[in-house]
Amino acid sequence: MSQQTIRVRFAPSPTGYPHVGNIRTALFNWLFARHNNGTFILRIEDTDQSRKVDDALDSILGSLKWLGLDWDEGPEKGGECGPYFQSERLDLYHSYAQHLLDKGHAYKCYCSPERLEQMRTDMAARKESVRSYDRYCRNLTNKQISEYESQGITPVIRFKIPLEGQTTFHDLIRGDITFENTELDDLVLLKSDGYPTYHLANIVDDHHMKISHVLRADEWLSSTPRHTLLYKAFGWKPPLFAHLPMILGPDKSKLSKRHGATAVTEFQDQGYLPQTMINFMALLGWSLDDKTEIFSKEELIRHFSIERISKTGAVFNHEKLYWMNGAYLRELSHQDLQQHIMPVLEKGLPPHIARPISDEYVRKIVPLIQERINTFNEAATYADFFFLDDNLEYDPMLLIAKKMDSPSTLKVLIAANERLSTVECFDHDLLETTLRSLADELGFKAGQVFSPLRVACTGRTATPPLFETMTVLGKERCLARIKLATKKLQQISG
RNA sequence: GCCCUCAUCGUCUAGGGGCCUAGGACAUCGGCCUUUCAAGCCGAAAACAGGGAUUCGAAUUCCCUUGAGGGCACCA
């Protein structure tokens with residue numbers, strides 16, 4: 001069996017911050033490369049000067065690094081086929097454009113943007129199917145050419161699409177796809193600013209970088225016949241294509257800024273784990289079987305195959321991502337979890353709380369919140385009462401539990417305060433026996449005692465288990481908070 | 001408008017002629033557990049777009065319709 005060398009690339013353009021749609025493409029390429037012991041190349045397609053965004057490159061590299069999608073060739077890494085920025089390969093594209101010109105596969109076009117626009121409006125007005133270009137310059141006479149040249153117009157170079165016949169290419173996911181050449185337009189290869197278009201640069205680079213498989217988003221499908229024709233004009237063997245199903249917004253259209261398409265790094269900021277993102281994105285358009293949901297990166301690499309990529313677009317389901325992160329978070333050791341939430345606490349807790357936050361104190365809290373948060377960032381809001389001073393703010397009515405009223409609640413609080421004062425040192429078992437017997441003595445159900453104490457100590461009705469929470473807070477603070485609760489209740493009951 | 005692609009629960013999907021009275025996951029609802037909230041466990045509801053054809057038999061093959069998406073830039 002001939003072992004083909006697998007070389008794939010992720011080729012983003014630095015025109016914005018990559019979102020899940022973009023990065024999912026990177027992930028599939030990476031998985032395919034790693035599964036096949038191949039090479040994963042990162043190439044920056046910075047050929048559009050006008051849309052260039054300054055820190056987009058950092059965001060691209062940052063996203064990939066965060067997710068551990070390491071590249072074998074590319075920026076910061078180098079490689080035999082560099083440079084890996086298209087803006088540094090302009091000479092190459094020029095020479096190939098010239099080559100096509102010489103071979104009669106391309107021509108110079110002097111049409112102004114205004115003329116092009118007019119042409120398209122006219123077509124639309126005549127209810128013709130709108131073409132991108134009417135081939136006006138395809139057969140210019142020498143006289144016309146020198147006339148344009150003398151006007152100082154810088155032409156673009158267009159590719160000559162064959163006027164008849166069909167172009168068929170094979171897609172690894174969709175099978176054979178055929179286009180009538182008459183449906184294809186003479187696309188621009190080299191822009192008047194001297195930069196190549198995607199089409200030219202992409203083909204030249206994929207060839208020179210010996211790319212074996214092109215795994216790219218579905219939106220490129222209709223460009224592929226043009227690319228096929230370009231490979232043919234150059235006399236190059238095209239790579240194998242696999243057009244990935246797209247990731248969609250809630251309205252089922254292509255995920256974009258319109259949907260508030262979240263930059264991948266934002267998930268990092270929100271307290272998601274990279275492994276969650278990898279796992280989740282892998283399942284957007286790929287699956288192993290009818291049951292497995294949670295995959296380690298290694299399992300993903302082991303099982304990934306193009307055959308199991310689906311054809312249909314996938315709506316990005318934030319809810320499931322959230323659940324999945326919770327699943328991963330719960331698997332973390334207490335120590336790992338603490339490491340993740342320390343910075344969150346430092347940053348997210350109200351500023352008046354003294355810094356640095358105590359490691360030792362947080363260590364006690366971590367086990368109490370692990371199964372109650374789904375993202376790291378939630379720690380700061382969920383567990384803030386552990387850190388706030390004892391003058392908690394909350395609606396005193398919360399103190400009154402079901403089937404309780406103000407006087408009975410007051411009775412509980414006062415009795416609890418009294419009884420707890422006699423407890424030497426708070427710990428779970430001691431608190432439990434003490435408070436349960438107190439409830440008995442008072443003739444209340446356990447919950448009728450626990451509930452007001454919970455609110456008193458935390459200001460909330462939903463908290464980690466009461467005794468553990470009180471133990472972490474400690475006797476002094478709990479008693480102070482219970483006294484405060486008593487006072488609050490007395491005030492509203494007059 | 002033209003071209004291309006796609007079509008299973010609300011969402012992500014399994015399914016490649018009989019194993020499907022269509023399986024799993026998220027979300028939803030109910031129950032158990034329980035000091036609250038979670039987590040966990042158990043259960044429920046929820047889909048083969050429509051119509052033809054092929055076949056003993058179709059979610060699975062073919063055709064048409066419909067719907068959806070993508071593309072039609074000197075953007076990628």
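Letters go in sequence order (proteins before strands), and every chain restarts at 1. For clarity, every value in this text was computed on a predicted model and none was experimentally measured.
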Donor-acceptor pair, side chain of A/Gln448 and main chain of A/Lys445, under 3.5 angstrom: yes
Look at all strands and tell whether [X] reaches a base, only sugar-phosphate, or nothing, counting heavy atoms closer than 4.0 Å.
X	value
A/Val130	base
A/Ala314	sugar-phosphate
A/Arg460	nothing
A/Val156	base

Establish, with yes or no, whether the OP1 or OP2 oxygen of [N] is under 4.0 angstrom from a side-chain nitrogen or oxygen of [X].
X	N	result
A/Thr461	B/rC37	no
A/Lys254	B/rG71	yes
A/Ser223	B/rG71	no
A/Arg436	B/rU35	yes
A/Thr15	B/rC75	no
A/Lys311	B/rU13	no

Can you see whether [X] engages [Y] through a side-chain donor-acceptor pair at a distance of less than 3.5 angstrom?
X	Y	result
A/Thr276	A/Asn279	no
A/Ser87	A/Asp46	yes
A/Tyr96	A/His208	yes
A/Asn377	A/Thr375	no

With A/Tyr322 via ring pair (Phe, Tyr, Trp, His ring centres under 6.0 Å) - residues at least two apart: none
From the list A/Arg120, A/Arg131, A/Lys160, salt bridge (Lys or Arg N to Asp or Glu O under 4.0 Å) partner of A/Asp185 resolves to A/Arg131
May I ask which nucleotide in the shown strands pairs with [N], Watson-Crick or G-U wobble, both distances under 3.5 Å?
N	result
B/rC72	B/rG1
B/rC48	none
B/rG10	B/rC26
B/rU36	none
B/rA59	none

Tell me: [atom1] of [X] to [atom2] of [N], nearest whole Å?
X	N	atom1	atom2	result
A/Ile177	B/rG71	CD1	C1'	12 Å
A/Glu128	B/rC2	CD	P	13 Å
A/Phe85	B/rA76	CZ	P	17 Å
A/Asp251	B/rG70	CG	C1'	14 Å
A/Lys252	B/rA68	NZ	P	11 Å
A/His243	B/rC4	NE2	P	15 Å
A/Glu432	B/rU36	CD	P	12 Å
A/Arg454	B/rU34	CZ	C1'	11 Å

May I ask you to decide if the ring planes of A/Tyr198 and A/Trp220 are parallel, tilted or perpendicular, using 30° and 60° as cut-offs? parallel
Evaluate the ring planes of A/His340 and A/Phe376, with Trp represented by its six-membered ring, and classify them as parallel (under 30°), tilted (30 to 60°) or perpendicular (over 60°). parallel
Could I get a table of every N or O pair under 3.5 Å where one atom is in the protein and the other is in nucleotides 41-49 of chain B?
none

Chi angles and distances behind the ring pair (Phe, Tyr, Trp, His ring centres under 6.0 Å) call for A/Phe450, A/Phe467: CA-CA 9 Å; A/Phe450 299 164; A/Phe467 311 133; 5.1 Å; yes
Say you pick atom [atom1] in [N] and the same atom in [M]; how far apart are they, in whole Å?
N	M	atom1	value
B/rA22	B/rA46	C1'	13 Å
B/rU5	B/rG50	P	23 Å
B/rG17	B/rC62	C1'	14 Å
B/rU8	B/rA59	P	15 Å
B/rU61	B/rU55	C1'	10 Å
B/rU11	B/rG1	C1'	33 Å
B/rG15	B/rC74	C1'	47 Å

Taking for A/Trp323 and for A/Pro465 the nucleotide of RNA chain B with the nearest heavy atom, the one nearer the 5' end belongs to A/Trp323
Walking RNA chain B from its 5' end, the first of A/Tyr110 and A/Arg174 to be reached, judged by nearest nucleotide, is A/Arg174
With heavy-atom distances below 4.5 Å as the criterion, would you say the side chains of A/Tyr84 and A/Ile44 are in contact? no
Contact check, side chains of A/Ile341 and A/Ile369, non-hydrogen atoms, under 4.5 Å: yes
What's the closest nucleotide to the side chain of [X] if the choices are [options]?
X	options	answer
A/Ala462	B/rC75, B/rC2, B/rC37	B/rC37
A/Ser253	B/rG70, B/rG1, B/rU11	B/rG70
A/Met246	B/rG69, B/rA25, B/rC74	B/rG69
A/Glu371	B/rA39, B/rC12, B/rU13	B/rA39
A/Glu319	B/rC72, B/rA27, B/rC74	B/rA27
A/Ser192	B/rC12, B/rC74, B/rA38	B/rC74
A/Leu221	B/rU5, B/rU35, B/rA76	B/rU5
A/Trp220	B/rC3, B/rA76, B/rC74	B/rA76
A/Thr312	B/rU13, B/rU35, B/rG70	B/rU13
A/Phe467	B/rC4, B/rA39, B/rU35	B/rU35

Please tabulate, one pair per line, each protein N/O and nucleotide N/O from nucleotides 16-24 of chain B that are separated by under 3.5 Å, including the distance.
unit_1 : atom_1 : unit_2   : atom_2 : d
B/rG23 : N2     : A/Asp290 : O      : 3.3
B/rG24 : O4'    : A/Asp290 : O      : 3.4
B/rG24 : N2     : A/Glu293 : OE2    : 3.3

From A/Leu284 CG over to A/Leu27 CG, what is the distance, rounded to the nearest 0.5 angstrom? 10.0 Å
Interatomic distance, CZ@A/Phe10 vs CG@A/Leu64, rounded to 0.5 Å, equals 6.0 Å
